[in-house]
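On a predicted model such as this, the values are computed, not experimentally measured, just so you know.
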Amino acid sequence: MYVKICGLSEPEHVAAAVEAGADAIGFVMTRSPRRVTPERAAELAALVPGHVLTVGVFRGEDPETVRVAALVSGVRAVQLHGKHPHGDFTALKDLGRSLVRAVDAAADLRCGAFDEDLLIVDAPHAGSGQPWDWAAVRGRPSGRWMLAGGLGPANVAEAVAAAAPWGVDVSSGVETSPGVKDPALIAAFLAAARP
């Protein structure tokens with residue numbers, strides 16, 4: 001099970017995610033309580049070993065803004081969250097970064113349909129931390145796709161059983177308050193996602 005821990009902003013939480021075995025770590029560079037600057041993302045990304053994918057998360061920014069932030073931060077993947085048109089992905093192809101498309105279940109759920117490398121299927125209200133009907137997407141997404149939205153240590157195994165994803169993505173489910181990660185919850189989430 002591929003696991004992404006998203007919205008990290010402190011070195012100790014990056015270390016906790018790496019130590020617990022995360023496959024990918026996300027740095028939010030868009031409007032959010034978890035927002036970090038590209039410069040801060042660069043400092044955090046420098047702490048991540050090469051086998052763990054660093055992801056810059058954007059929502060609504062134009063491709064040029066994303067490009068500059070990706071280059072400054074040094075992340076190895078770019079995640080465009082929400083209703084980004086196909087052209088935004090095409091415009092970033094030459095960056096040489098993995099591209100991640102994050103959408104809700106009403107979108108085209110074929111991984112690669114927008115030239116992305118990874119797909120995230122999120123809750124209808126992304127960032128709410130509320131569980132949703134994970135089983136409703138079972139069998140619909142194709143390729144390398146991650147389930148997100150309302151996941152935490154207590155329910156990730158149930159969500160995986162319901163939706164049968166290739167991976168899972170968590171942010172608020174491993175926090176004690178908005179933007180404040182908990183190393184113990186990160187470790188518990190990884191353990192529960194890979195029983």
Side-chain angles (χ1 to χ4, degrees), residues 2 4-10 13-14 17 22-48 52-130 132 137 141-150 166-172 175 178-179 181:
Y2 192 91
K4 175 170 168 271
I5 308 292
C6 200
L8 298 175
S9 58
E10 298 297 334
H13 301 147
V14 170
D23 297 293
I25 291 176
F27 304 115
V28 177
M29 291 181 264
T30 191
R31 296 171 304 283
S32 166
R34 298 158 191 89
R35 184 178 197 154
V36 293
T37 64
E39 293 77 12
R40 177 66 168 166
E43 294 171 10
L44 297 168
L47 306 173
V48 180
V52 178
L53 186 66
T54 51
V55 184
V57 179
F58 303 91
R59 185 185 190 112
E61 287 80 10
D62 63 88
E64 195 49 40
T65 301
V66 173
R67 174 185 300 277
V68 170
L71 291 171
V72 170
S73 63
V75 292
R76 293 189 291 115
V78 167
Q79 176 178 322
L80 300 182
H81 210 110
K83 299 189 185 324
H84 282 266
H86 193 159
D88 285 3
F89 292 87
T90 304
L92 294 166
K93 262 311 214 194
D94 67 334
L95 255 181
R97 307 293 201 270
S98 295
L99 297 178
V100 183
R101 180 169 60 102
V103 294
D104 65 30
D108 186 330
L109 300 185
R110 294 169 300 146
C111 181
F114 283 54
D115 295 320
E116 77 276 16
D117 302 289
L118 297 171
L119 176 69
I120 295 173
V121 181
D122 202 348
H125 302 288
S128 68
Q130 296 302 309
W132 55 288
V137 297
S142 65
R144 298 195 310 165
W145 74 279
M146 288 177 269
L147 183 69
W166 171 80
V168 288
D169 181 13
V170 68
S171 184
S172 61
E175 293 179 343
K181 297 292 187 275

J.: With sequence neighbours excluded, what pairs up with Glu39 under the salt bridge (Lys or Arg N to Asp or Glu O under 4.0 Å) test?
T.: none

J.: Looking at every heavy atom in both Thr54 and Gly74, which two are closest together, and how far apart are they?
T.: OG1-O, 4.3 Å

J.: With respect to Arg67, which candidate in Asp94, Val72, Val78 satisfies the side-chain contact (heavy atoms from CB on, under 4.5 Å) definition?
T.: Asp94

J.: In Å and rounded to the nearest 0.5 Å, what is the CG to OH distance from Asp23 to Tyr2?
T.: 5.5 Å

J.: Mind checking the CZ-CG spacing from Arg101 to Asp88? Nearest 0.5 Å is all I need.
T.: 12.0 Å

J.: Distance from Ser171 atom OG to Leu8 atom CG, nearest 0.5 Å?
T.: 7.5 Å

J.: Check whether any side-chain heavy atom of Arg97 sits under 4.5 Å from a side-chain heavy atom of Leu92, and report yes or no.
T.: no

J.: Report the distance from atom OG of Ser9 to atom CD of Glu43, rounding to the nearest 0.5 Å.
T.: 12.0 Å

J.: State, with a plain yes or no, whether a side-chain heavy atom of Met29 is found less than 4.5 Å away from one of Glu61.
T.: no

J.: Where do Phe89 and Phe114 come nearest, in terms of heavy atoms and distance?
T.: CB-O, 3.1 Å

J.: Roughly how far apart are Leu71 CG and Ser73 OG, rounded to 0.5 Å?
T.: 8.0 Å

J.: Using a 3.5 Å cut-off and no angle test, enumerate the donor-acceptor pairs between side-chain atoms of residues 117-124 and protein atoms at least two apart in sequence or in another chain.
T.:
| from | atom 1 | to | atom 2 | distance (Å) |
| --- | --- | --- | --- | --- |
| Asp117 | OD2 | Leu99 | N | 2.7 |
| Asp122 | OD1 | Gly149 | N | 3.4 |
| Asp122 | OD2 | His81 | NE2 | 3.2 |

J.: Count the heavy atoms of every other residue, nucleotide or ligand shown that sit under 6.0 Å from NE2 of His86, and state whether that count exceeds 12.
T.: yes

J.: Can you see which heavy atom on Ala70 is nearest to which on Phe58, and at what distance?
T.: N-CZ, 4.5 Å

J.: Could you tell me which non-hydrogen atom of Ala24 sits nearest to which non-hydrogen atom of Val55, and how far apart they are?
T.: CB-CG2, 4.4 Å

J.: Closest heavy-atom contact between Gly7 and Lys181?
T.: O-NZ, 3.2 Å

J.: Nearest 0.5 Å, what's the CZ-CZ distance between Arg35 and Arg40?
T.: 15.0 Å

J.: Can you tell me if NZ on Lys93 sees more than 12 non-hydrogen neighbours from other groups inside 6.0 Å?
T.: yes

J.: Please report the shortest heavy-atom distance between Gln79 and Ala102, naming the atom on each side.
T.: NE2-CB, 3.7 Å

J.: Please answer whether the main-chain N or O of Gly60 pairs with a side-chain N or O of Lys83 as donor and acceptor at a distance below 3.5 Å.
T.: no

J.: Between Leu109 and Trp145, is there a side-chain heavy-atom distance shorter than 4.5 Å?
T.: no

